[in-house]
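We name chains A, B, ... by the order of the sequence lines, and we start the count at 1 in each one.
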There are 2 protein chains.
Amino acid sequence: MLKLSKRVEYALLSIQVMAKNPDTVVSAKDVADRFNISFTLVAKVLQQLVHAGVVRSYAGVRGGYALAKHAELVSIADVIEAIEGSGSRLVECQEEHDHACTAHTSCTIKEPLQVLHDRIVSTFASMSVAELAGPQLVQITGHVT
Amino acid sequence: MLKLSKRVEYALLSIQVMAKNPDTVVSAKDVADRFNISFTLVAKVLQQLVHAGVVRSYAGVRGGYALAKHAELVSIADVIEAIEGSGSRLVECQEEHDHACTAHTSCTIKEPLQVLHDRIVSTFASMSVAELAGPQLVQITGHVT
DNA sequence: CGAATATACGACTAATTTAGTCCTCGTTTA
DNA sequence: TAAACGAGGACTAAATTAGTCGTATATTCG
């Protein structure tokens with residue numbers, strides 16, 4: 001009914017590791033080994049997360065990746081958008097290239113589905129990746145809002 | 001970020017026509033012509049809807065399809081499930097064939113995402129196909145609840 | 001009856017998307 | 001300067017989705 005791509009899944013797994021280990025950098029190899037998944041794919045996915053500003057990268061020997069913001073500030077929607085791009089709607093107009101689908105009575109379902117789309121996006125936006133990591137030990141240096 | 005398949009789209013378009021014309025049967029050809037889409041595909045999709053009990057079919061010369069229930073009683077979730085099946089989760093366990101993914105620490109994101117999945121399903125369930133048809137004229141023979 | 005117009009359905013091919021690999025380059029650290 | 005890392009492009013493979021074809025069956029109507 002609704003499946004996330006492996007790329008998004010790998011992104012979430014990677015981020016989960018980072019969220020659980022806020023004080024260390026995590027390399028693509030770490031993630032790939034830990035979950036027995038393709039190193040190169042994970043590496044690619046992590047690069048997309050860098051582009052989107054979700055994680056920071058550190059090159060070099062003891063390099064790797066770490067979250068660019070607090071886990072609470074990164075939503076699942078952010079991650080999905082980082083990987084899949086922001087351009088996808090629930091229903092795409094089926095002739096937007098030339099004559100924006102005015103030819104046929106088409107796309108009459110587009111408008112009501114937009115409402116649905118927005119609701120779903122906000123559902124994704126309502127969960128932060130911190131929730132993937134589960135309850136964390138309170139940081140001594142941290143603070144409660 | 002989240003796209004419905006053409007099959008679901010065609011299903012919704014077909015249902016929309018039926019919801020707008022509750023007193024007539026709509027043939028696959030009607031729908032295909034109206035939206036300039038593949039007749040055989042629409043026919044197939046409609047057959048899936050029949051199997052799922054969403055629409056009723058009438059064979060023969062002046063045959064076609066009509067909603068099996070009131071449009072208000074059919075949700076978008078029903079339609080998606082009729083077409084895509086009910087088996088898909090947001091994140092699938094990546095080794096459920098043999099040794100249910102206990103080998104690696106994998107699937108640690110599955111549980112939190114289940115929550116998200118349920119929310120999204122209920123979002124789809126919250127909208128009926130009647131909303132695709134827009135406000136209808138009140139039927140003389142109808143009644144208000 | 002029988003021709004025309006529907007649905008029913010399985011097998012098939014084509015197109016698109018997603019997954020995954022490979023190779024080369026730049027960076028950092030010890 | 002060598003080893004361990006990220007960056008990124010070009011590519012192949014696999015899986016999914018879209019779409020076709022052929023044939024069988026039901027119904028209406030002249």
Side-chain angles (χ1 to χ4, degrees), chain A residues 1-11 13-14 18 24-33 35-68 80 82-85 87-88 91-92 94-95 97, chain B residues 1-11 13-14 17-18 24-33 35-66 68 80 82-85 87-88 91-92 94-95 97:
Chain A
M1 183 164 183
L2 210 176
K3 199 170 60 175
L4 295 180
S5 66
K6 287 244 167 104
R7 308 245 294 300
V8 170
E9 187 184 331
Y10 293 172
L13 287 169
S14 304
M18 294 182 220
T24 57
V25 293
V26 177
S27 75
K29 190 167 181 306
D30 289 340
V31 176
D33 288 351
F35 298 108
N36 263 298
I37 55 185
S38 157
F39 162 74
T40 43
L41 238 198
V42 171
K44 215 164 234 190
V45 163
L46 284 166
Q47 282 162 32
Q48 289 186 272
L49 292 176
V50 171
H51 282 138
V54 171
V55 307
R56 278 203 56 185
S57 69
Y58 301 90
V61 168
R62 306 202 50 207
Y65 302 85
L67 285 175
I80 295 177
I83 303 299
E84 321 246 296
S88 54
V91 163
E92 245 130 303
Q94 65 216 37
E95 315 238 346
H97 354 287
Chain B
M1 181 163 185
L2 208 176
K3 198 171 59 173
L4 295 180
S5 65
K6 287 243 169 107
R7 308 245 294 301
V8 171
E9 187 183 332
Y10 292 172
L13 287 169
S14 304
V17 175
M18 295 181 220
T24 56
V25 294
V26 177
S27 74
K29 190 166 182 306
D30 288 340
V31 176
D33 287 352
F35 298 108
N36 264 299
I37 54 186
S38 158
F39 161 74
T40 44
L41 238 198
V42 171
K44 213 168 234 187
V45 163
L46 284 167
Q47 283 161 33
Q48 289 186 272
L49 293 176
V50 171
H51 282 138
V54 171
V55 307
R56 279 203 56 185
S57 68
Y58 301 90
V61 168
R62 306 202 48 208
Y65 303 85
I80 295 177
I83 303 298
E84 321 245 295
S88 54
V91 162
E92 246 130 301
Q94 66 216 39
E95 315 237 347
H97 354 287

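- Interatomic distance, CG of A:L41 versus OH of A:Y10, reported as 6.0 Å (0.5 Å rounding).
- Each end of the helix from C:dC1-D:dG30 to C:dA30-D:dT1 gets its own axis from five base pairs, and the two axes differ in direction by 10°, given to 10 degrees.
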Per-pair distances, 0.1 Å, donor-acceptor, side chain in residues 47-68 of chain A, under 3.5 Å, sequence neighbours excluded:
unit_1 : atom_1 : unit_2 : atom_2 : d
A:Q48  : NE2    : A:I83  : O      : 3.2
A:H51  : ND1    : A:Q47  : O      : 3.4

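- Not counting sequence neighbours, B:T24 has no partner by the side chain to side chain donor-acceptor pair (under 3.5 Å) test.
- Residues passing the side chain to side chain contact (heavy atoms under 4.5 Å, CB included) test with A:S5, sequence neighbours excluded: A:R7, A:V8, A:E84.
- Whole-Å rounding puts the A:K6 NZ to C:dG20 C1' distance at 10 Å.
- Residue A:D30 comes nearest to A:V25 through the heavy atom pair OD2-O, 4.3 Å, listed as atom of the first residue, atom of the second, then distance.
- Taking a heavy-atom distance under 4.0 Å as the criterion, the stretch of DNA chain D touched by chain A extends 5' to 3' from D:dA3 to D:dA10.
- Atom-to-atom distance recorded for A:E9:CD and A:I37:CD1 is 7.5 Å, nearest 0.5 angstrom.
- Side-chain contact check for A:S14 versus A:V26: every heavy-atom pair is 4.5 Å or farther apart.
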Polar atom pairs between nucleotides 5-10 of chain C and protein, under 3.5 Å, N or O only, would you list them?
unit_1 : atom_1 : unit_2 : atom_2 : d
C:dT5  : O3'    : B:V61  : O      : 3.4
C:dA6  : O4'    : B:G60  : O      : 3.0
C:dT7  : OP1    : B:A28  : N      : 2.9
C:dA8  : OP1    : B:S57  : OG     : 2.8
C:dA8  : OP2    : B:Y65  : OH     : 3.1
C:dC9  : OP2    : B:H51  : NE2    : 3.0

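- Look at A:T40 and you'll find a side-chain N or O under 4.0 angstrom from OP1 or OP2 of C:dT21.
- The distance between atom CD1 of A:I37 and atom P of C:dG20, rounded to the nearest whole Å, is 9 Å.
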